[in-house]
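Structure record follows, encoded as structure tokens.
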Amino acid sequence: MTSQPERHSQPARRAVLGTALGGAAAAALPGTAHAEEPMASPGAVGRPWKLRDAMTTDGAWARFLHDQDLRWTRLPTLWYEGPFLGDGQLGSMIYQEPGANQIRFTVQHGRVQDHRPEFGSGWGTCRLPVGHLTLEPAGTITAVDWRLSLWNAELTGTVTTTAGTLTLAALIHDEVLAVRVKATGGERAIWTFHPEEAISPRKISEAPPTGYTANPAWTTRTTSDGTEQVLQPLTGGGQTATAHRRTGDDLLLSVGHSHPSGTAAEADSLRNLRRAKSYSTLRSRHTDWWHAFYRKSFVSFPDQRLQSFHWIQLYKVASASRAGGPVMATSGPWLEPTPWPAVWWNLNVQLEYWLIHGFNHPELDSLATTLRQNQEQLIANVPDAYRADSSGIGRSSDMFANRGVGRPGTGAETGDLTWALHNVWLSYRHSMDKSLLRDTIYPVLRRAINYYLHFLTPGSDGKLHLPSTLSPEYPVVPPQDTNYDLALIRWGCQTLLDSAQLLGIEDELTPRWQEVLARLTPYPVDANGFMIGADTPYAQSHRHYSHLLMVYPLYLVNWDQPENRDLITKSLVHWHALTGAHRGYSYTGAASMYAMSGDGDTAITYLRKFFDPTTRYPCRANTHYTEAGPVIETPLSASQSLHDMFCQSWGGVIRVFPAVPSAWADLTLHNFRTEGAFLVSAVRKAGTTRFIRVKSLAGEPLKLRHGLTGHLTAVLDDGTPARTHDLGDGTLAIDLPRGHEVLVHTGSRPDLSIAPVAVSEPGPAWGLP
């Protein structure tokens, strides 16, 4: 075994990592000019400018998203083939009722779970199934013609039978599933709600644990206005209530869940239906929300199949998550039989949320609100002896983060909370919202790192070492110094130091964090690159990139460090050289890592493996994904891989079009959100960047790696030249006050239009077109 040499002295490392906070982002890099000077073409001064955004009308958006819609001309027979609806809590998937001439609308809810932690997250605090509706036609189904409209977040279409036609529309809003079905010819629509047994979906893979007793049977009742309710009491306390009412062609259904109250869910489900009133009333509120939602950002690129996929992922994550709601479980709000009916913290939850940042949708971040709201539970998750100053979380939990974490030295998986906090850190960096830093990141990360500090011990080499911990998913446990944890410790200590400085906190642990950064053992490496841990090479196929976390997404070891490029490349090549265990996110992770290196063609080659139907675990017909059960994170991470090709922001630098595949000559970004709370708009035509516009939402220092060649023009939105500083390596520091915009281009002022690009790689619609 060999060890990776220290990359920087401690002061140098602090300077480099400190730019991630923007605190020193305006400082010139060594060997570059230090003078600040206005930069503008002579004729640019006094000429205010404005983007010409073609995506400002409902019509433009409806036309663009119409081309991204999912289509069905065959009846889907499986959950990963059919349409899906959701509002961040209630979810439904639509496909043929198995073995029947009926159409199933699943009814599942992100808050519906058991409450018996003594049986673990797989059984005692797992998500619980609710039920499903069936639409039963009079005739035999012969054809369907369905469209899932992204713009309206609504399923519409027809079902043709031997008796006539059913014309349907369906949506979910404000925890109400609304369906309208009109029958013509000899058809009629019969609806039946089928409650499902309140038992863990994990029953498909194992028997219940010893001592487990089934939840009581449900009961039904009908209210005075004709609403039918199914009431499901739970042994661990609480209740699930499903209410549905049919009025004419409309069916409305709502699910409530309460704990510890055994009656509140009943009232909640009825109140939701009263508020909805009718399909038309609900649809008006629903489309208003979605139309405003999409306008926050725009991206267009010439591969139709991938472009459609990308927009479907935005629809998907907004259907599955809203801030303040339940954190996404492995299948989101679309629960199906699965071995994973809970929240998984060793990769799944992290990958689920990355795409919301670039898409400019912080309102979808239920992960950050989950960690903020459950800090007491995170304390209770560590062994008693460490609760005075530590927090943690085990591999899987319920929506309240209820799962104990093991001790280093026992081979336990220890770092999952710290990795989840990196997601919250990204939310802070993309918003610069200090309340998130002060109220969530700093107190929880301080405790998560404290848990590690209890176990770090000096070795004979004078370095600090961590006893045995698990690198997630790898079957061999290192005797010490697992790279997964070393990377998270380094990131956590540096982030705490930077955060304390930003918040003006004189923390008594500052010397300890500094000591850890100075003395923590280097990452174990060998001739093939990063190892799993000390004395533990990467020697068998591994779907997870837990041993490469320092490369991605932490960027502690990155392509801007020339001395580390060979190490990164060797590690990536060796990771994928050992085949057999790779899954969808193995390809999306590799794509993002190659994008970091600027190699867009290799990045897209790896990403396309996820969409290759000959791959063992490919993307499915409706863009969902399954291994031993449904898992939502991998397609969402594929969208982040695309983001990493289009625009990156790490190390205090915004990189525009850093790894665009050479086949994509044209590309448009608009209001892409980056670290530092900037909104980036940029247009690429014929393989050349035409302009970049950056808007500052927080007044943070701006460093822009622009990719432009020739004499640069940088003009503020009032027409005055921007003060700039050439940092070398194609990077420009720009003085951009909060609320202002800067336009950067070469040559004469280009066409400043924001519009969809022409498709050069046609492809079929998603679904079953």
Rounding to 0.5 Å, atoms CD1 (I449) and CZ (R490) come to a distance of 12.0 Å
Value for CG (L378) from OG (S391), rounded to nearest 0.5 Å, stands at 5.5 Å
From the list S431, S427, S321, side-chain hydrogen bond (donor to acceptor under 3.5 Å, both in side chains) with D365 holds only for S427
For T469, the side chain to side chain contact (heavy atoms under 4.5 Å, CB included) test, sequence neighbours excluded, returns P408, T414, L466, T482, D485
The side chain to side chain contact (heavy atoms under 4.5 Å, CB included) partners of E266 (sequence neighbours excluded) come to R221, Q229, L231, Q239, A241
The salt bridge (charged side-chain N to carboxylate O under 4.0 Å, His left out) partners of D433 (sequence neighbours excluded) come to none
Those residues at least two apart in sequence (or on a different chain) that pass salt bridge (charged side-chain N to carboxylate O under 4.0 Å, His left out) with E196 are none
Can you give the donor-acceptor pairs under 3.5 Å from side chains of residues 329-338 to other protein atoms, not counting sequence neighbours?
residue, atom, partner, partner atom, Å
T330, OG1, W340, O, 2.4
W334, NE1, L85, O, 2.8
E336, OE1, Y95, OH, 3.2
E336, OE2, Y95, OH, 2.9
T338, OG1, W340, N, 3.0

Aromatic contact, [X] with [Y] (centres under 6.0 Å):
X: Y474; Y: H544; answer: no
X: Y555; Y: Y552; answer: yes
X: F359; Y: H643; answer: yes

Looking at every non-hydrogen atom in both residues, tell me the closest pair between [X] and [Y] and how far apart they are.
X: A401; Y: N381; value: O-ND2, 2.8 Å
X: Y538; Y: W575; value: OH-O, 2.7 Å
X: W419; Y: L549; value: CZ2-CD1, 3.7 Å

Practice task
Applying ring pair (Phe, Tyr, Trp, His ring centres under 6.0 Å), run through Y625 and Y80 and close with a yes or a no.
Solution key: CA-CA 7 Å; Y625 175 71; Y80 55 73; 9.9 Å; no
Only residue of R616, R620, R543 satisfying salt bridge (Lys or Arg N to Asp or Glu O under 4.0 Å) with E627 is R543
- Does any N or O in the side chain of N215 come within less than 3.5 Å of the main-chain N or O of L234, such that one atom is a donor and the other an acceptor? no
Check this for me, if you would: do K609 and D612 make a salt bridge, where the nitrogen-to-carboxylate-oxygen distance has to be below 4.0 angstrom?
no
Sorted by chain and number, sequence neighbours left out, side chain to side chain donor-acceptor pair (under 3.5 Å) with N450 holds for none
